[in-house]
Amino acid sequence: MSILWLVLKELVHRKLNFLLSTLAMLTAVALFVSYFTTAEASRRETTRVTRDIGFNLRIIPKDTDMDQFWAAGFSDQTMPEDAMQRLAKYENVFVTYNHLVASLQQKYLLQGKEILLTGLAPTLTAPDQKKQPMGFAIKAGTVHAGYQVGQRLGLKKGGALELGGKKFTIERCLAESGTDEDIRVFGLLSDVQRVLKMEGRINEIKAIDCLCLTADQDPLSVLRAELAKALPEAKVIQLRAIADARSKQRQMAEKYFAFITPILLIVCAAWICVLAVMNVRERKLEIGVLRALGCGSGRIAGLFLAKAVLIGLIAAVLGYGLGTALALTFGPEIFKVTAKAIQGEPRLLLWALVAAPSFAALASFIPAMLAVAQDPAVTLREE
Amino acid sequence: MVRFDNVSKIYPTRQGEVKSLDRLSLEVRPGEFIAIRGPSGCGKTTLLLAAGGMLHPTAGTVTVDGHDLYTLSARERAQFRARRIGFVFQMFHLVPYLNVVENVLLAAVQAPGKPGPARAEELLARLGLTPRLRHTPAALSAGERQRTAIARALLNQPKLILADEPTGNLDPDNAAEVFQHLREFHRAGGTVLIVTHGAAADAYADRVVEMRSGSIQARQ
C-alpha cells in the first residue's frame, strides 16, 4: 500500500484538518497571486499615470543659452533631425531613455498674436515595447490647437487654419491645461519645418527616463553620461518634480509589499504547523501501530510530508484561480486607467505549484519530526 | 525462539525510578504457546514490547530467532519486526479510515515480496470476514475487529505472534474464537507469546508463566 494511498484516505477521513490546512495555503497563494497580478497592473498604472504627467527629460542642443531657454521656453539653437535617429539607434539607449519625441518649436505670428508653433515627430519607443506612445499622434495636413489659441481665434474642430500660406485642418481643439500648451499650435514636424522654412531641423527631443533608482540615487548623472556617448552635440535637462514623483510612487508600493509579505508567510506557516501538530497528536496510536508493523522513520515522516505536499498542490491550483479572480474583479476598480490591461499571469501558476507544496512541507517539517520521535512503546503501553 | 537474559527496564520519573522489568530471564522455545499472567502494572506489556524490538531494555539481552535485537539498528529492527513478528493488541489498533482489507495490507508496507490483496482476502476468509472486506472498523463488532487484527498479524507469515491481552475487550465466545485462531497458528509451527491477567488462555497454552513486579514468579 503506497504512502499516497494512505495520505488520500486520511485526508478524506479527517476532512476538517485537511480543509483548514488547505484554506491556509490557499489564502496565502491567492493573496500572493493577486498581489503579483495587481503589482504588474500597479506598475503599469504608475508608469501610465506618471507618464501622463508629462515628459520629464528635455534634450536640447549643447550650445543652448539657458537663460534664453527658460525665458522663451525653447532653445534658440537647432540640431539636425537625424540626431533623433542616431540617438534611437545607440546601443542600450532605451535602458535609460524612452518615448523619444523630436520637436521643433518657434514663436509664430498668427493673426497678429504670437503663438508657439510646435512640430512633433511620431514617438519612438524601444523595439520590443508594447507601451502606447505618449502624447497624441498628428496626421499630415492637420493641427491641434491649444485652448487659448482656439478661444481667441474661434477655432472649431474640422475648421481650417492657414499657416505659412498653407491650409491645415483643425483636428482637435485642446482642453485648457494651465501650461504653455494653451498658446501652442501642434503640427506634424515636417509640416511645421516647411512653414518655418527650417526643413531637416529640430531644437528639442522630449523623453522619459527609465531608471528605477532609489531615492538617494541621482539618475541625472547616468542620463548625462549616456547622452554624452550617444549624442555629444546635445545636453539633457530633467524636470525633477516629475521624476521624483514617479520614483517615490514606485518605492512606496514596493515598501508596502515588502512589509506585508513576511507577515503573511509567518501567519500561514504557523497555521499549517499547528494543524500538523494536532494531526500528529490525533494519530499517535496509528503511528505506534505503524511502527509495530515495521514502518521506519522515513515512512512515518513521509506520511506527513506527502500530505503537506498534496495540500500544497491543491492549494496552489485553487489559490491561483482565486487570486487571479480577485485581481481581475477588483483590479479594474483600483487601477482604472489600465483596467483593460489587467490579465492573469500564467507564470504565477508555475510558481505556485513549486512554492506552495515546498512551503507546506517546510511548515510541516517539525510536526513530521515529532511524529518520527514518538516512542511507539510509550503509545502502545498507554492503551 | 525468544530468550530474555537478565532483562531489566527502569523508567525515570519525577517521583523516582520505576522498575518495570527486574532481572527477568525467560526462554520461549520455537513452536511454544506461552501465556504470561499477572496483575496490571507487573510489566507484562513491557516484556512483550521488549520481545518485539520496540522497547530497549536498560540491562540484559533479548534474543529473537537467534538475533540479539538491540544490537541491530532501528531500521534493521523494524524490518525484522515486519518479517518475523506479528502483533495483536487488546484495543485492536486498526486504522479507522482504512477498510478491513486495507488494514490487513498495512502489514505489507515493509514486507519483502509485499503480499497482495489476494493473500489478505484468503486470510480474512479463513477468519470468517469475507462479508466485511470493504467495511471500516467503525462498522465492525469487537470480535470482527480483533479477527482483522489477527489477519494483519498473520499476513507476512511470521514466526512469532506477540499478543497483548487480545481478548480483554471481547465476550467469551469471541475470546474463544481468538484463542482458536492463535492455536491454529501455533499448530502450524508458530510461536505464541500472549500476556493476560486472566486464566482464559491457560487451556490453550503449553506453559503459563506468572509475573509479579517485573519478574517471573512461577512456571506451570
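Letters A, B, ... mirror the listed sequences (proteins, then strands); counts begin at 1. Keep in mind that the numbers below use all heavy atoms, side chains included, and drop hydrogens, waters and symmetry copies.
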Hey, can you tell me if Phe36(A) and Phe32(A) have their rings parallel, tilted or perpendicular (30° and 60° cut-offs)? parallel
Any idea which of Arg75(B), Arg77(B), Arg152(B) has the most non-hydrogen atom pairs under 4.5 angstrom with chain A? Arg152(B)
Of Gly52(B), Ala74(B), Pro96(B), the largest count of non-hydrogen pairs under 4.5 angstrom with chain A goes to Pro96(B)
Check the orientation of His186(B) and Phe33(B). Use parallel for under 30°, tilted for 30 to 60°, and perpendicular for over 60°. perpendicular
Phe80(B), CZ: over 12 other non-hydrogen atoms inside 6.0 angstrom: yes
Check whether Glu10(A) gets within reach of chain B through its side chain, its backbone, both or neither, counting any heavy atom under 4.5 Å. both
Winner by heavy-atom pair count (cut-off under 4.5 Å) against chain B, out of Val12(A), Asp375(A), Leu6(A): Leu6(A)
Which class fits the ring pair Phe89(B) and His93(B): parallel under 30°, tilted 30 to 60°, perpendicular over 60°? tilted
Salt-bridge contact Arg134(B)-Glu121(B) (side-chain N to carboxylate O under 4.0 Å): yes
Name the region of Leu49(B), side chain, backbone, both or neither, that has any atom closer than 4.5 Å to a heavy atom of chain A. side chain
